[in-house]
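Here is the structure we will look at.
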There are 2 protein chains.
Amino acid sequence: MPDETLPQPARDEIELVTVLRALGDPVRLRLLAVYADDQEHNCDQCDLGLEDLHKSTVSHHMRVLRESGVTTTRTSGRNRFVRLRRADLDARFPGLLDSVLGAAER
Amino acid sequence: MPDETLPQPARDEIELVTVLRALGDPVRLRLLAVYADDQEHNCDQCDLGLEDLHKSTVSHHMRVLRESGVTTTRTSGRNRFVRLRRADLDARFPGLLDSVLGAAER
DNA sequence: TTGATCGTTTGATGTTCGTCAAACAGTGGG
DNA sequence: CCCACTGTTTGACGAACATCAAACGATCAA
(Lines give C-alpha, C1' and ligand atoms only; values in the text may rest on other atoms or scores of the structure.)
Protein backbone atom coordinates (compact mmCIF):
# COMPACT_ATOMS: atom_id res chain seq x y z
CA MET A 1 0.00 0.00 0.00
CA PRO A 2 1.56 3.31 -1.09
CA ASP A 3 2.19 6.17 1.28
CA GLU A 4 -0.38 8.88 1.35
CA THR A 5 -0.58 12.45 2.61
CA LEU A 6 -3.58 13.22 4.78
CA PRO A 7 -5.89 16.11 3.81
CA GLN A 8 -4.45 19.52 4.58
CA PRO A 9 -4.89 23.09 3.31
CA ALA A 10 -2.79 24.23 0.37
CA ARG A 11 -0.16 26.84 1.14
CA ASP A 12 -2.34 29.71 -0.03
CA GLU A 13 -5.26 28.46 1.99
CA ILE A 14 -3.45 28.63 5.32
CA GLU A 15 -5.09 31.34 7.38
CA LEU A 16 -3.37 33.42 10.01
CA VAL A 17 -6.25 33.35 12.46
CA THR A 18 -6.54 29.60 12.20
CA VAL A 19 -2.82 29.10 12.78
CA LEU A 20 -2.78 31.41 15.79
CA ARG A 21 -5.78 29.67 17.26
CA ALA A 22 -4.17 26.29 16.66
CA LEU A 23 -1.02 27.41 18.46
CA GLY A 24 -2.97 29.03 21.29
CA ASP A 25 -3.17 25.81 23.28
CA PRO A 26 -0.56 24.46 25.69
CA VAL A 27 -0.67 20.90 24.38
CA ARG A 28 -0.32 21.92 20.76
CA LEU A 29 2.49 24.28 21.67
CA ARG A 30 4.28 21.35 23.27
CA LEU A 31 3.78 19.38 20.09
CA LEU A 32 5.16 22.26 18.07
CA ALA A 33 8.31 22.28 20.19
CA VAL A 34 8.75 18.59 19.45
CA TYR A 35 8.30 19.16 15.74
CA ALA A 36 10.76 22.05 15.75
CA ASP A 37 13.60 19.77 14.67
CA ASP A 38 12.03 19.40 11.22
CA GLN A 39 12.14 15.65 11.50
CA GLU A 40 9.26 13.29 11.09
CA HIS A 41 7.57 12.11 14.26
CA ASN A 42 5.11 9.36 14.86
CA CYS A 43 2.21 9.65 17.28
CA ASP A 44 3.68 7.80 20.23
CA GLN A 45 2.96 9.76 23.37
CA CYS A 46 6.13 8.53 25.00
CA ASP A 47 8.19 10.20 22.32
CA LEU A 48 6.05 13.30 22.47
CA GLY A 49 6.13 13.74 26.23
CA LEU A 50 2.35 13.58 26.47
CA GLU A 51 1.90 10.48 28.57
CA ASP A 52 -0.61 12.32 30.70
CA LEU A 53 -3.09 12.59 27.85
CA HIS A 54 -5.35 9.98 26.32
CA LYS A 55 -4.26 8.88 22.88
CA SER A 56 -7.49 10.08 21.31
CA THR A 57 -6.85 13.52 22.76
CA VAL A 58 -3.41 13.60 21.20
CA SER A 59 -4.93 12.48 17.92
CA HIS A 60 -7.39 15.35 18.13
CA HIS A 61 -4.65 17.92 18.66
CA MET A 62 -2.60 16.57 15.81
CA ARG A 63 -5.61 16.86 13.56
CA VAL A 64 -6.08 20.50 14.55
CA LEU A 65 -2.45 21.21 13.71
CA ARG A 66 -2.73 19.48 10.37
CA GLU A 67 -6.02 21.10 9.36
CA SER A 68 -4.72 24.53 10.27
CA GLY A 69 -1.73 24.02 8.00
CA VAL A 70 0.96 23.84 10.67
CA THR A 71 1.90 20.21 10.04
CA THR A 72 1.71 17.61 7.35
CA THR A 73 1.07 13.93 7.94
CA ARG A 74 2.31 11.05 5.85
CA THR A 75 0.83 7.60 6.11
CA SER A 76 3.07 4.58 5.95
CA GLY A 77 1.66 1.25 6.92
CA ARG A 78 0.01 1.59 10.27
CA ASN A 79 2.27 4.48 11.24
CA ARG A 80 1.78 8.15 10.61
CA PHE A 81 4.63 10.58 10.38
CA VAL A 82 4.08 14.21 11.22
CA ARG A 83 6.34 17.02 10.16
CA LEU A 84 6.32 20.82 10.34
CA ARG A 85 5.32 22.69 7.19
CA ARG A 86 8.12 25.15 7.72
CA ALA A 87 8.58 26.20 4.11
CA ASP A 88 4.88 26.86 3.63
CA LEU A 89 4.56 28.77 6.88
CA ASP A 90 7.67 30.82 6.23
CA ALA A 91 6.44 31.69 2.77
CA ARG A 92 3.01 32.73 3.94
CA PHE A 93 3.82 34.30 7.31
CA PRO A 94 7.51 35.28 7.26
CA GLY A 95 9.14 35.16 10.66
CA LEU A 96 6.09 33.90 12.48
CA LEU A 97 7.17 30.34 13.03
CA ASP A 98 10.68 31.26 14.13
CA SER A 99 9.44 33.77 16.64
CA VAL A 100 6.91 31.36 18.09
CA LEU A 101 9.46 28.58 18.32
CA GLY A 102 11.98 30.89 19.90
CA ALA A 103 9.48 32.05 22.44
CA ALA A 104 8.22 28.55 23.13
CA GLU A 105 11.68 27.24 23.96
CA ARG A 106 12.18 30.02 26.49
CA MET B 1 -9.47 62.55 38.78
CA PRO B 2 -6.00 61.41 37.76
CA ASP B 3 -5.38 59.09 34.86
CA GLU B 4 -5.02 55.45 35.71
CA THR B 5 -3.76 52.32 34.00
CA LEU B 6 -6.12 49.38 34.03
CA PRO B 7 -4.93 46.05 35.45
CA GLN B 8 -2.62 44.15 33.13
CA PRO B 9 0.11 41.52 33.42
CA ALA B 10 3.65 42.67 34.03
CA ARG B 11 6.08 42.12 31.20
CA ASP B 12 7.46 38.93 32.69
CA GLU B 13 3.99 37.57 33.30
CA ILE B 14 2.93 37.73 29.66
CA GLU B 15 2.47 34.16 28.44
CA LEU B 16 2.95 32.98 24.89
CA VAL B 17 -0.05 30.67 24.87
CA THR B 18 -2.28 33.41 26.19
CA VAL B 19 -1.09 35.89 23.58
CA LEU B 20 -1.54 33.42 20.74
CA ARG B 21 -4.99 32.55 21.93
CA ALA B 22 -5.86 36.23 22.23
CA LEU B 23 -4.75 36.84 18.66
CA GLY B 24 -6.49 33.72 17.36
CA ASP B 25 -9.76 35.54 16.79
CA PRO B 26 -10.77 37.56 13.72
CA VAL B 27 -12.17 40.48 15.66
CA ARG B 28 -9.13 40.84 17.88
CA LEU B 29 -6.87 40.55 14.87
CA ARG B 30 -8.75 43.45 13.32
CA LEU B 31 -8.22 45.42 16.50
CA LEU B 32 -4.54 44.59 16.42
CA ALA B 33 -4.26 45.97 12.90
CA VAL B 34 -5.83 49.20 14.11
CA TYR B 35 -3.40 49.43 17.02
CA ALA B 36 -0.43 48.75 14.77
CA ASP B 37 0.25 52.47 14.37
CA ASP B 38 1.39 52.65 18.02
CA GLN B 39 -1.02 55.46 18.69
CA GLU B 40 -3.62 55.59 21.41
CA HIS B 41 -7.14 54.67 20.36
CA ASN B 42 -10.41 55.07 22.16
CA CYS B 43 -13.15 52.47 22.05
CA ASP B 44 -15.37 54.05 19.43
CA GLN B 45 -16.51 51.34 17.05
CA CYS B 46 -16.65 53.79 14.16
CA ASP B 47 -12.95 54.45 14.48
CA LEU B 48 -12.25 50.78 14.90
CA GLY B 49 -14.28 49.55 11.95
CA LEU B 50 -16.41 47.33 14.15
CA GLU B 51 -19.82 48.86 13.65
CA ASP B 52 -21.28 45.42 13.14
CA LEU B 53 -20.57 44.41 16.73
CA HIS B 54 -22.33 45.36 19.93
CA LYS B 55 -20.33 47.71 22.12
CA SER B 56 -20.22 45.22 24.95
CA THR B 57 -18.71 42.69 22.58
CA VAL B 58 -16.00 45.13 21.62
CA SER B 59 -15.39 45.82 25.29
CA HIS B 60 -15.00 42.10 25.90
CA HIS B 61 -12.41 41.72 23.15
CA MET B 62 -10.44 44.71 24.39
CA ARG B 63 -10.39 43.19 27.82
CA VAL B 64 -9.00 39.94 26.45
CA LEU B 65 -6.26 41.82 24.65
CA ARG B 66 -5.38 43.79 27.76
CA GLU B 67 -5.42 40.82 30.13
CA SER B 68 -3.26 38.81 27.77
CA GLY B 69 -0.67 41.58 27.74
CA VAL B 70 -1.09 42.68 24.14
CA THR B 71 -2.43 46.15 24.93
CA THR B 72 -2.43 48.66 27.74
CA THR B 73 -5.35 50.90 28.62
CA ARG B 74 -5.18 54.33 30.15
CA THR B 75 -8.18 55.97 31.74
CA SER B 76 -8.82 59.67 31.24
CA GLY B 77 -12.14 61.05 32.26
CA ARG B 78 -14.82 58.97 30.64
CA ASN B 79 -12.53 57.93 27.82
CA ARG B 80 -10.15 55.01 27.67
CA PHE B 81 -7.13 54.97 25.46
CA VAL B 82 -5.72 51.71 24.25
CA ARG B 83 -2.23 51.23 22.94
CA LEU B 84 -0.06 48.31 21.84
CA ARG B 85 2.54 47.09 24.35
CA ARG B 86 5.08 46.81 21.59
CA ALA B 87 8.20 47.20 23.73
CA ASP B 88 7.06 44.57 26.22
CA LEU B 89 6.04 42.13 23.51
CA ASP B 90 9.24 42.64 21.54
CA ALA B 91 11.29 42.07 24.67
CA ARG B 92 9.47 38.93 25.66
CA PHE B 93 8.75 37.38 22.24
CA PRO B 94 11.22 38.91 19.77
CA GLY B 95 9.83 39.15 16.26
CA LEU B 96 6.43 37.78 17.10
CA LEU B 97 4.45 40.98 16.92
CA ASP B 98 6.09 42.14 13.71
CA SER B 99 5.44 38.86 11.96
CA VAL B 100 1.82 38.78 13.05
CA LEU B 101 1.26 42.37 12.01
CA GLY B 102 2.96 41.77 8.68
CA ALA B 103 0.82 38.73 8.04
CA ALA B 104 -2.35 40.45 9.16
CA GLU B 105 -1.96 43.35 6.76
CA ARG B 106 -1.68 41.17 3.72
C1' DT C 1 -6.17 -16.55 10.04
C1' DT C 2 -5.53 -14.88 14.39
C1' DG C 3 -3.92 -11.52 17.26
C1' DA C 4 -1.37 -7.47 18.44
C1' DT C 5 -0.27 -2.73 17.16
C1' DC C 6 -1.06 2.11 15.83
C1' DG C 7 -3.98 5.53 15.46
C1' DT C 8 -8.72 7.44 14.29
C1' DT C 9 -13.60 8.16 14.98
C1' DT C 10 -17.65 8.63 17.56
C1' DG C 11 -20.28 9.80 21.54
C1' DA C 12 -20.66 11.91 25.95
C1' DT C 13 -19.52 15.47 29.36
C1' DG C 14 -18.11 19.67 31.26
C1' DT C 15 -15.85 23.99 30.10
C1' DT C 16 -14.77 27.97 27.62
C1' DC C 17 -15.94 31.34 24.23
C1' DG C 18 -18.42 34.93 21.35
C1' DT C 19 -22.40 37.46 21.15
C1' DC C 20 -26.27 40.35 22.45
C1' DA C 21 -29.25 42.91 25.59
C1' DA C 22 -30.02 45.37 29.56
C1' DA C 23 -28.50 47.41 33.58
C1' DC C 24 -24.89 49.84 35.69
C1' DA C 25 -21.05 53.35 36.79
C1' DG C 26 -18.16 57.26 36.28
C1' DT C 27 -17.53 61.67 33.95
C1' DG C 28 -18.36 66.18 32.34
C1' DG C 29 -21.44 69.67 30.19
C1' DG C 30 -25.73 72.44 30.45
C1' DC D 1 -28.46 69.06 39.68
C1' DC D 2 -29.70 66.58 35.84
C1' DC D 3 -28.65 64.55 31.66
C1' DA D 4 -25.94 62.86 27.92
C1' DC D 5 -21.89 60.26 26.98
C1' DT D 6 -18.45 56.47 27.21
C1' DG D 7 -17.60 52.21 28.30
C1' DT D 8 -18.09 48.12 31.65
C1' DT D 9 -20.48 44.40 33.87
C1' DT D 10 -23.81 40.89 34.28
C1' DG D 11 -26.77 37.36 32.61
C1' DA D 12 -28.30 34.42 29.10
C1' DC D 13 -27.68 31.45 25.18
C1' DG D 14 -25.73 28.68 21.56
C1' DA D 15 -21.45 27.23 19.44
C1' DA D 16 -16.98 25.52 19.82
C1' DC D 17 -13.57 23.10 22.44
C1' DA D 18 -10.74 19.70 25.44
C1' DT D 19 -11.03 15.47 27.37
C1' DC D 20 -11.93 10.61 28.08
C1' DA D 21 -13.78 6.03 26.98
C1' DA D 22 -15.01 2.70 23.90
C1' DA D 23 -15.47 0.98 19.44
C1' DC D 24 -13.50 0.75 15.05
C1' DG D 25 -10.14 0.19 10.93
C1' DA D 26 -6.06 -0.84 8.81
C1' DT D 27 -1.63 -3.11 8.93
C1' DC D 28 1.81 -6.42 10.00
C1' DA D 29 3.71 -10.53 12.25
C1' DA D 30 3.37 -15.21 13.79
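Per chain, numbering begins at 1; letters A, B, ... match sequence-line order.
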[X] side-chain N/O to [N] phosphate OP1/OP2 under 4.0 Å:
{"X": "His60(B)", "N": "dG18(C)", "result": "yes"}
{"X": "Arg63(B)", "N": "dT9(D)", "result": "yes"}
{"X": "Arg28(B)", "N": "dG18(C)", "result": "yes"}
{"X": "Arg80(B)", "N": "dT6(D)", "result": "no"}
{"X": "Ser56(B)", "N": "dT8(D)", "result": "no"}
{"X": "His61(A)", "N": "dT19(D)", "result": "yes"}
{"X": "Ser59(B)", "N": "dT8(D)", "result": "yes"}

Take atom CZ of Arg83(A) as the centre, draw a 6.0 Å sphere, and report whether it contains more than 12 heavy atoms from other residues, nucleotides or ligands.
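Result for CZ/Arg83(A): open.
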Greater than 12 external heavy atoms within 6.0 Å of Glu15(B)'s CD
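Not buried by this count: 12 neighbours or fewer within 6.0 Å.
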Under 3.5 Å, is there any donor-acceptor pair linking the side chain of Arg78(B) to the base of dT6(D)?
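Counting by modelled atom types and ignoring angles, no donor-acceptor contact under 3.5 Å is found here.
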Expressed as a whole number of angstroms, how long is the span from [X]:[atom1] to [N]:[atom2]?
{"X": "Glu4(B)", "N": "dT8(D)", "atom1": "CD", "atom2": "C1'", "result": "14 Å"}
{"X": "Leu65(A)", "N": "dT8(C)", "atom1": "CG", "atom2": "C1'", "result": "16 Å"}
{"X": "Asp25(B)", "N": "dG18(C)", "atom1": "CG", "atom2": "C1'", "result": "8 Å"}
{"X": "Asp52(B)", "N": "dG18(C)", "atom1": "CG", "atom2": "P", "result": "15 Å"}
{"X": "His41(B)", "N": "dT6(D)", "atom1": "NE2", "atom2": "P", "result": "17 Å"}
{"X": "Leu53(B)", "N": "dC17(C)", "atom1": "CG", "atom2": "C1'", "result": "14 Å"}
{"X": "His54(A)", "N": "dC17(D)", "atom1": "NE2", "atom2": "P", "result": "21 Å"}
{"X": "Lys55(A)", "N": "dG25(D)", "atom1": "NZ", "atom2": "C1'", "result": "12 Å"}

Is the Phe81(A) to His41(A) ring centre distance short of 6.0 Å?
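Distance test on ring centres: not under 6.0 Å, no.
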State plainly whether the residues Glu4(A) and Arg74(A) are in salt-bridge range, i.e. N to O under 4.0 Å.
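Between Arg74(A) and Glu4(A) there is no salt bridge, as every charged N stays at least 4.0 Å from the carboxylate O atoms.
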Using a strict cut-off of less than 4.0 Å between a Lys/Arg side-chain nitrogen and an Asp/Glu carboxylate oxygen, indicate whether Asp98(B) and Arg86(B) qualify as a salt bridge.
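Result for this pair is yes, salt bridge flagged.
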Can you identify which nucleotide, out of dT6(D), dC20(C), dG7(C), has its nearest atom closest to the Thr57(B) side chain?
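Between dT6(D), dC20(C), dG7(C), the one nearest the side chain of Thr57(B) would be dC20(C).
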